[in-house]
Amino acid sequence: MSVVLGFQDPVADAIGLLKPHTVIGPSLRAVGEWALSFDTFLHVRIGGLVRGSCWLILEGHEPVLLREGDTFMLGNPPPYVLASTPDASPRPAEAVWASAEEGLVRIGPESEDDLYLCVGHIAFDDQNAALLTDLLPPLVIVRASDPHGSRLAQLIDLLATEVGVAAAGGPLVQNHLAQILLVHMLRAHAGQTDRPTGWLGALNEDGIGAALRAVHSDVAHPWNLNELAEISHMSRSAFAQAFKSHVGVPPLEYLIQWRMSLARDALARDALSISELARATGYQSESAFSTAFRRVVGSSPAKFRDQERRSAANGS
């Protein structure tokens, strides 16, 4: 019986391996002068303005004015500030967030003209987080006027509503909405003029994107450079050069890295034997698979699986 790993869409595949865990809210309503400082956070923060405007001041970057309908994403962000004005004196956000009631933090008296901000964070499985976080700049902004902007604004509005309503299944809905928001943010980012490098940006290139989708649809296939070049409708040398230019690594190195990402996930879940996993990732022998795994991961598959079992048994 053959075992199949992977799907047909690199974005879906990567997010599946990332095992995103989402914490949304509380939402912020503020009026007058205010500023909140946020500490560093691994992986992704995401948010948007349902109403009003505010400044986002990211360490090492010029202050950015966010307006109603704008959405932002921070990748492995350094410390940053959200504020009514760039020169407002910030206070730690953690203490203010602790005062939340019914999913809402309020600064200043209630007002029809107050700011309404929804923000949250998405944490990933540490072993595979680099699949995405290495591709993201510290700050991505999608303006309300962007082709993706209205859709993202609707998602932010839905998220803010869910945070403020204690309804059955709320955390589940929030988690799914946040993941949908993440995918749409990635699409918007990939379509911007300063497109990202890596597989995310390469998906917009017809030839390279076709090769990436082929690899993800059948990771066990014994892919070679000629086959992938044919799928891309390019010569072998042109394909190899274009792939490395867009993705950052040669085609067959990308294939190995992706196979090992799938292998780490399967071993962590204890889903397959090592011999089954070797076949599922395109290797003719267990020893060939183990050699590749050790080169990429730094330990043998058996040792990696044993470490994951011990971690699971210890609850870590």
remark   = Rounded to the nearest 0.5 angstrom, the OG1-CD distance for T281 and E276 is 11.5 Å
query = Are Y80 and I107 joined in one hydrophobic group, where the rule is that I, L, V, M, F, W and Y side chains link up if heavy atoms are under 4.5 Å apart?
reply = yes
query = Given side chains that start at C-beta, do those of E110 and R29 come closer than 4.5 Å, heavy atoms only?
reply = no
Side-chain ion pair, D306 and R310, N-O less than 4.0 Å = no
message = Are W34 and L115 packed together at the side-chain level, in the sense that at least one heavy-atom pair is separated by less than 4.5 angstrom?
response = yes
inquiry  = With rounding to the nearest 0.5 angstrom, report the OG to CD distance, S299 to Q307.
reply    = 5.5 Å
message = If I compare all heavy atoms of A30 with all of D114, which pair ends up nearest, and what's the gap?
response = O-CB, 3.2 Å
key: In one Ile/Leu/Val/Met/Phe/Trp/Tyr side-chain cluster, 4.5 Å: V81, V64   = no
inquiry  = Distance check, rounded to the nearest 0.5 Å: M260 atom CE versus L277 atom CG?
reply    = 7.5 Å
task = Give a yes or no on whether the backbone of H43 and the side-chain of N76 come within a donor-acceptor separation of less than 3.5 Å.
result = yes
query = Would you say V44 and H121 make side-chain contact, with heavy atoms under 4.5 Å?
reply = no
task = May I ask you to check whether over 12 heavy atoms, not counting those of H21, lie within 6.0 Å of atom NE2?
result = no
NZ or CZ of R259 within 45° of Y283 ring axis and under 6.0 Å = yes
query = If you look at every heavy atom in C118 and I156, which pair is closest and at what distance?
reply = CB-CG2, 4.1 Å
remark   = Heavy-atom closest pair (G69 atom, A153 atom, distance to 0.1 Å) is O-CB, 3.8 Å
inquiry  = Would L36 and L28 count as a side chain to side chain contact (heavy atoms under 4.5 Å, CB included) here? Give the steps.
reply    = CA-CA 11 Å; L36 300 175; L28 171 67; 4.1 Å; yes
inquiry  = Just verifying a value: how many Å separate W223 CH2 and L228 CG, rounded to the nearest 0.5 Å?
reply    = 6.0 Å
message = Do L42 and I122 land in one hydrophobic cluster if side-chain heavy atoms of ILVMFWY residues count as linked below 4.5 Å?
response = no
inquiry  = Using every non-hydrogen atom in the two residues, find where A280 and L272 come nearest and quote the distance to one decimal.
reply    = CB-CD1, 4.5 Å
ask   = What are the two closest non-hydrogen atoms of T85 and W55, and how far apart are they?
value = CA-CD1, 3.7 Å
Cluster overlap V105 with V31, hydrophobic side-chain contacts below 4.5 Å = no
query = Counting distance only, does the side-chain N/O of Q179 pair as donor-acceptor with the main-chain N or O of H176 below 3.5 Å?
reply = no
task = Check step by step if side chain to side chain contact (heavy atoms under 4.5 Å, CB included) holds for S27 and Y116.
result = CA-CA 7 Å; S27 295; Y116 188 2; 3.8 Å; yes
query = Should we say atom CD of E68 is surrounded by more than 12 heavy atoms from elsewhere, each under 6.0 Å from it?
reply = yes
request  = Working to the nearest 0.5 Å, report the span between CD of E94 and OG of S37.
outcome  = 10.0 Å
inquiry  = If you define the side chain from C-beta out and look only at heavy atoms, does anything of L152 sit under 4.5 Å from M185?
reply    = yes
inquiry  = Can you confirm whether more than 12 heavy atoms, excluding those of Q241, are under 6.0 Å from its CD atom?
reply    = no
task = Could you check F72 against L66 for side chain to side chain contact (heavy atoms under 4.5 Å, CB included), going step by step and ending with a plain yes or no?
result = CA-CA 9 Å; F72 64 89; L66 300 172; 3.6 Å; yes
request  = Please step through side chain to side chain contact (heavy atoms under 4.5 Å, CB included) for the pair R151 and H148, ending with a clear verdict.
outcome  = CA-CA 6 Å; R151 187 177 298 112; H148 296 267; 3.9 Å; yes
key: Minimum side-chain heavy-atom gap L182-M73 below 4.5 Å   = yes
message = A side-chain contact here means heavy atoms from C-beta on lying under 4.5 Å apart; do V142 and D70 qualify?
response = no
message = Any heavy-atom pair between the side chains of F239 and P251 that's under 4.5 Å?
response = yes
ask   = Is it true that L104 and I24 fall in one hydrophobic cluster, defined by side-chain heavy atoms closer than 4.5 Å?
value = no
query = Is a salt bridge present between E253 and R295, judged by a nitrogen-to-oxygen distance below 4.0 Å?
reply = yes
query = What is the distance from atom CD1 of I46 to atom CG of L155, rounded to the nearest 0.5 Å?
reply = 9.0 Å
query = Do F38 and W97 have their ring centres less than 6.0 Å from each other?
reply = yes
remark   = For T22 and A178 the tightest heavy-atom approach is CG2-CB, 3.2 Å
request  = Report yes if the side chains of L49 and R67 come closer than 4.5 Å at any heavy-atom pair, otherwise no.
outcome  = no
